[in-house]
Structure formats: structure tokens, C-alpha cells
Amino acid sequence: MLRSTQVLRNLNKSRFNFVRFASTKEHDVVVIGGGPGGYVAAIKAAQLGLDTACVEKRGKLGGTCLNVGCIPSKALLNNTHLYHQIKHDSEHRGIEIAGDVSVNITKLQEAKEKAVNGLTSGIEMLFKKNKVTYYKGEGSFIDENNIKVKPIDGAEEFDIKAKDIIVATGSEATPFPGIEIDEERIVTSTGALSLKELPKRLAIIGGGIIGLEMASVYARLGSEVTIIEFQNAIGAGMDAEVAKTSQKILGKQGLKFKLGTKVTKGVREGDIVKVGVENVKSGETEELEADVLLVAIGRRPYTDGLNFEAVGLEKDNKGRLVIDSEYRTNKQNIRVIGDVTFGAMLAHKAEEEGIAAAEYIKKGHGHVNYGNIPSVMYTHPEVAWVGSNEQQLKEQGIKYKVGKYPFIANSRAKTNLDTEGFVKILADAETQRVLGVHIIGPNAGEMIAEGGLALEYGASTEDIARTCHAHPTLSEAFKEAALGTFDKTINF
């Protein structure tokens, strides 16, 4: 009797597995996450001839960057800069504005959403063009080859099977211990991008790129902005001279800074947020009041719901999934890219890794130059850098020369009445090989690409200086800075 019962149980179990896996969808590659790293990895894998699928639970492709990060913030930065120029700068350009100039917050947000929606739908079209299967749902590991998908529309769960899996689940805002986020009065960058009304007073915890960009947006619109930073300098990762110059310029734009200051509390009381702060050096305490408090102390890897423990994937002490030089985890067919693993949390870094991971799967080789990942802060003036800064070169004991050229001496910048900042190039003292490029000034985010090319191809500053640059252009400042490392600048 017991034997026959066990046989029946085994038969039922076998029948269940047959039904379950008979309907399992199979692919060569499955990418979990449709952000910049994930969707690029999926497209590249498909272009390489692999049957590829992407699982994304947001319902919109593009990840944090496109939906609640890089793209919407740039829309707000660009449009508020236009507003600020019209209101405060037009008279110097011979443009007279009749009547008052004002901002409609609702329409400002609508313009931002239009840009976002256009780009997300554009990625879906790219998926169709490249024959990438798109599953709108939450993906989690069953084992090292099978993924369970929970559709966002409430439909029945199903499984997908793949020879290779790429995890690209990105990151989320790092919470501040003891401060409760409600995305109304106490917000992360997500909430800061969608405020329904202009805060009279905005306090920001964190003087990094996210904090400074949001500070610029709301200061231009008329908010009183205070940035609270634990370190004694803003712009983590910036060259020290550039960071100091940037703070000075932003200060002239109305931003207030409390550096070397730690936050002891942030509590909402009705429509007011009370922020307790303490000077790190003196211990002096103070309580600030704000209409909105933005917590911008960085981001952390996002692995919620992934069930990576079921596969035994390793995590480091920062919550990042551990990989080797080919993006493989301890399970050789599972690779990890982007914010959820090591390195700078930048969209373009994730994109490069996505392409490399797909190439490793198909070709057995791929490449990302981690010494050549540019960073940009889209304030005005913009700040951009690539390669080493002076602090790093000194720590490494590398002898270098500095070439610096101010935009005040650049004809195009003067014509545009936009002359703050400079181009700074660091070159090897003996070979003149470019080691780092740092720009604060107009169009810095576009100009930094020339620095990236120089680094990638091992160019010397003489190579740059002897390359003809069009006149009049801002890029001439780049040429002059290069010239300054081994000779004398011409126009300054």
C-alpha cells in the first residue's frame, strides 16, 4: 500500500514537472533588468545572433536613468536654465522681454514626461527591430538556468530557461539611517524630480552630482537651497581644484553650503521638515527648517526579489554581486553588469559592460577600459572629467605637468557671454601622454569626449595641440590647454 501510494505521488510530481516545463519558454540569453546596461546587453546579444529575452518589472524600459534619473533631470536642468537665462541674462544680450517671465510647474513636468515617454517607447521599438523578446514582469532565479517571471499585469506566472543569464538590476537610492522617506516632503531623487509645487526652502543631504544638479534646478526656480555635506568639499571624484571652483560659482548662483557637517535628524512635522545638523570639527549643533528635504547620499545595488541566494551567487560587503574579469559570477553562465556590481554607478559604464558581456558569451572576448569612464555634472557651468585627477597622481607618485586654459580667453565663450571655468589637462612629465582631463565650463559634457579619445589611443598633448581645431569653437580651449603642458599657450 505504501509503495503504491509513493508511486502515485511520484507520478503526480512527474506530471506537474512536465506541465510546468513543457510551457517553459527557452532562449539563448535572458537579461534581468531593462535599464541602460540591460537593454543594451539584450540588443547586442540579439545582434550577435543569440535568441535573447529581457525581463523588466517597471513596465517601461530604460531603468532608473531614463525614467527617474539622468533623462528627466536633464530635461529639468535644461528648461530651468533657459528660464533663468531669459529672466536674468537676456538684457545683457540685447533681448528685451515684455512683461513678467514665470514658470508653470505642471507644464514643466509635462515636458519632462514627454521626453521620457518618447525614449522608453523608442527602446521598445529597438527591441522589436532586433527581435528581442520583452517580458514585462519581475524575474527571479529558480536555479542557474531557469527564471520565474511574475507578470506586472497580474497574469499567471511562468518560467523561462536560458543557457546564459545577465543580471542588470541596477541600483536604488541609499537610505539615511533614521530618516523616513515619504517622497512628498522627505524625498529621494525620484521624488525631487516630480515635486508638484516649488519649495520655498530646499535642504539637500549630500554634495555629490545628484544633489548639486537638483540644487541647481530649484535654485533657478527661486528656492532657497542649502546643501549639507559631511566631507569638506563637494563633488566626490572631482579634481580638487575643479570642485573648489565649482562651489565658488554655484555659491554665486545662490546655493548655500554647509561642509564638514553631519545630519543628526530629519523629521517631518506637517508641511515642514526639521533637520538637525552638527559641525564635524567643532561639534556645534543647529536645527534647520525646510519645506522639502532631499536625501542624496548615493545609491546602492538593487537585488530585491532576485532570489539570487537560491543559486548561491556571492555578494560583497557593499551588497554588490561578485564577478570575475568576464562579468561571470561563481556560476559560469550567470554574468552581472552595471550598478549591481563593482565600479562607478554610471549609465554609460553599464552600457559598455552590457556590450562586453554579450560579446564574451558569443565570442569569448570583450573589453571595457575602466580607466576611461567619463563623469559629467550637468549644472551650469557643466563639470566633466575623465582619467586621473591631481590627487590620484600624487598618491601614485606619478610625475605630471598641468596645462590649463580659461574660457575667458576663448573667443566663442566670450561671444556667448559664457566664460566661467577652464580646461585642465594632466600629462605625463616625460612622455606628454594624457593622464587626465578636467573641464568646468560651457558644454563640458560634450567636450570631454575628446579627452576620452586621447586616453583611449594613448595620445600625447602635442598630438592634440597639433590637431587643427575649428575657429571659433569652445574646443579651442582644449587645444590651448594641451599646448600649455609642453610649450606656451597662444591666446592667453
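Sequential numbering from 1 along the given sequence is applied to the chain's residues.
Judged by distance alone, with hydrogens and angles left aside, the side-chain atoms of Thr329 form a donor-acceptor pair with the main-chain N or O of Ile334 at under 3.5 Å. Proximity of a side-chain donor or acceptor of Gln109 to a complementary backbone N or O of Leu193 within less than 3.5 Å is detected. Of the possible donor and acceptor atoms, none in the side chain of Asn130 sits under 3.5 Å from a partner among the backbone N and O of Gln47. For the pair Thr52 (side chain) and Leu50 (backbone), a donor-acceptor distance under 3.5 Å is present. Asp159 places no side-chain N or O within donor-acceptor distance of the main-chain N or O of Asn146, the cut-off being under 3.5 Å. Under a 3.5 Å cut-off, the side chain of Thr264 and the backbone N or O of Gly276 do form a donor-acceptor pair. Using modelled atom types, one side-chain atom of Glu56 and one backbone atom of Arg58 make a donor-acceptor pair closer than 3.5 Å. A distance-only check finds no donor-acceptor pair linking the side chain of Arg320 to the backbone of Pro301 [under 3.5 Å]. In this structure, the side chain of Asn333 engages the main chain of Glu144 through a donor-acceptor pair within 3.5 Å. Using a distance-only test at 3.5 Å, with no hydrogens or angles considered, no donor-acceptor pair links the side chain of Thr285 to the main chain of Glu278.
A 6.0 Å sphere centred on CD of Glu446 holds no more than 12 heavy atoms belonging to other residues, nucleotides or ligands. Taking a 6.0 Å sphere around NZ of Lys163, one finds it holds 12 or fewer heavy atoms contributed by other residues, nucleotides or ligands. Within 6.0 Å of CD on Glu180 lie no more than 12 heavy atoms contributed by other residues, nucleotides or ligands. Within a 6.0 Å sphere centred on CZ of Arg433, heavy atoms belonging to other residues, nucleotides or ligands number 12 at most.
Residues passing the ring-ring contact (aromatic ring centres under 6.0 Å, His included) test with Tyr400, sequence neighbours excluded: none. Glu382 meets the salt bridge (charged side-chain N to carboxylate O under 4.0 Å, His left out) test with no other residue; sequence neighbours excluded. Every salt bridge (charged side-chain N to carboxylate O under 4.0 Å, His left out) that Lys274 has, sequence neighbours left out, goes to Glu269. Partners of Phe478 according to the ring-ring contact (aromatic ring centres under 6.0 Å, His included) rule, which considers only residues two or more places apart in sequence or in another chain, do not exist here. Applying the side-chain contact (heavy atoms from CB on, under 4.5 Å) test to Glu156 and every residue at least two apart in sequence or in another chain returns nothing. Evaluation of the side-chain contact (heavy atoms from CB on, under 4.5 Å) rule for Glu395 yields no partner, not counting sequence neighbours. In terms of the ring-ring contact (aromatic ring centres under 6.0 Å, His included) criterion, residue partners of His84 (sequence neighbours excluded) are, by chain and number, His88. Annotation: ring-ring contact (aromatic ring centres under 6.0 Å, His included) contacts of Phe230 (sequence neighbours excluded): none.
Between the CD1 atom in Ile179 and the CG atom in Leu293 there is a gap of 5.5 Å [rounded to 0.5 Å]. To the nearest 0.5 Å, atoms CD1 (Ile337) and CD (Glu351) are separated by 9.5 Å. Once rounded to the nearest 0.5 Å, the distance linking CG of Leu202 with CD1 of Ile227 reads 8.5 Å. One finds the CD1 atom of Ile165 at 12.0 Å from the CG atom of Asp28 (value rounded to the nearest 0.5 Å). Annotation: the span from Glu138 atom CD to Ile32 atom CD1 amounts to 10.0 Å, rounded to 0.5 Å. To the nearest 0.5 Å, atoms CE (Met345) and OG1 (Thr174) are separated by 7.0 Å.
Glu353 has a carboxylate O that lies under 4.0 Å from a charged side-chain N of Lys349, or vice versa, which qualifies the two as a salt bridge. A salt bridge does not link Lys315 to Glu309: none of the charged side-chain nitrogens sits closer than 4.0 Å to a carboxylate oxygen. Salt bridge status for Arg185 with Glu197: present, with a side-chain N to carboxylate O gap under 4.0 Å.
When each of Asn389, Ile398, Ile425 is paired with Leu435, the side-chain contact (heavy atoms from CB on, under 4.5 Å) condition holds for Ile398 and for no other.
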Show the numbers, then the answer: is there a side-chain contact (heavy atoms from CB on, under 4.5 Å) between Leu288 and Lys258? CA-CA 11 Å; Leu288 309 176; Lys258 286 187 173 294; 3.9 Å; yes
If you apply the rule side-chain hydrogen bond (donor to acceptor under 3.5 Å, both in side chains), what do you find for Lys150 with Ser140, and how did you get there? CA-CA 8 Å; Lys150 181 180 179 181; Ser140 59; over 6 Å; no
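Residues Ile204 and Gly211 share a closest heavy-atom pair of CD1-O, 3.4 Å. Residues Ala192 and Leu294 share a closest heavy-atom pair of CB-CD1, 4.0 Å. Across all non-hydrogen atoms, the minimal contact from Gly452 to Asn372 is O-ND2, 2.8 Å. Residues Pro199 and Val292 come closest through the heavy atom pair CB-CG2, 3.8 Å. Considering all non-hydrogen atoms of both residues, Pro381 and Pro442 come closest at CB-N, 4.3 Å. When all heavy atoms of Leu66 and Leu61 are compared, the pair lying nearest together is CD1-O, 4.3 Å.
Counting heavy atoms from C-beta outward, Ser223 and Leu198 have side chains that approach closer than 4.5 Å. Using a 4.5 Å cut-off on side-chain heavy atoms (C-beta onward), Lys331 and Phe141 make no contact.
The list of salt bridge (Lys or Arg N to Asp or Glu O under 4.0 Å) pairs with a residue in residues 288-305, not counting sequence neighbours, reads Glu172-Arg300, Arg201-Glu289, Arg201-Asp291. Residues in residues 25-66 take part in these ring pair (Phe, Tyr, Trp, His ring centres under 6.0 Å) pairs, two or more places apart or across chains: His27-Tyr135. Every pair passing side-chain hydrogen bond (donor to acceptor under 3.5 Å, both in side chains) that includes a residue from residues 204-219 is listed here, sequence neighbours excluded: Lys74-Glu213. For residues 276-319, there are no ring pair (Phe, Tyr, Trp, His ring centres under 6.0 Å) pairs, not counting sequence neighbours.
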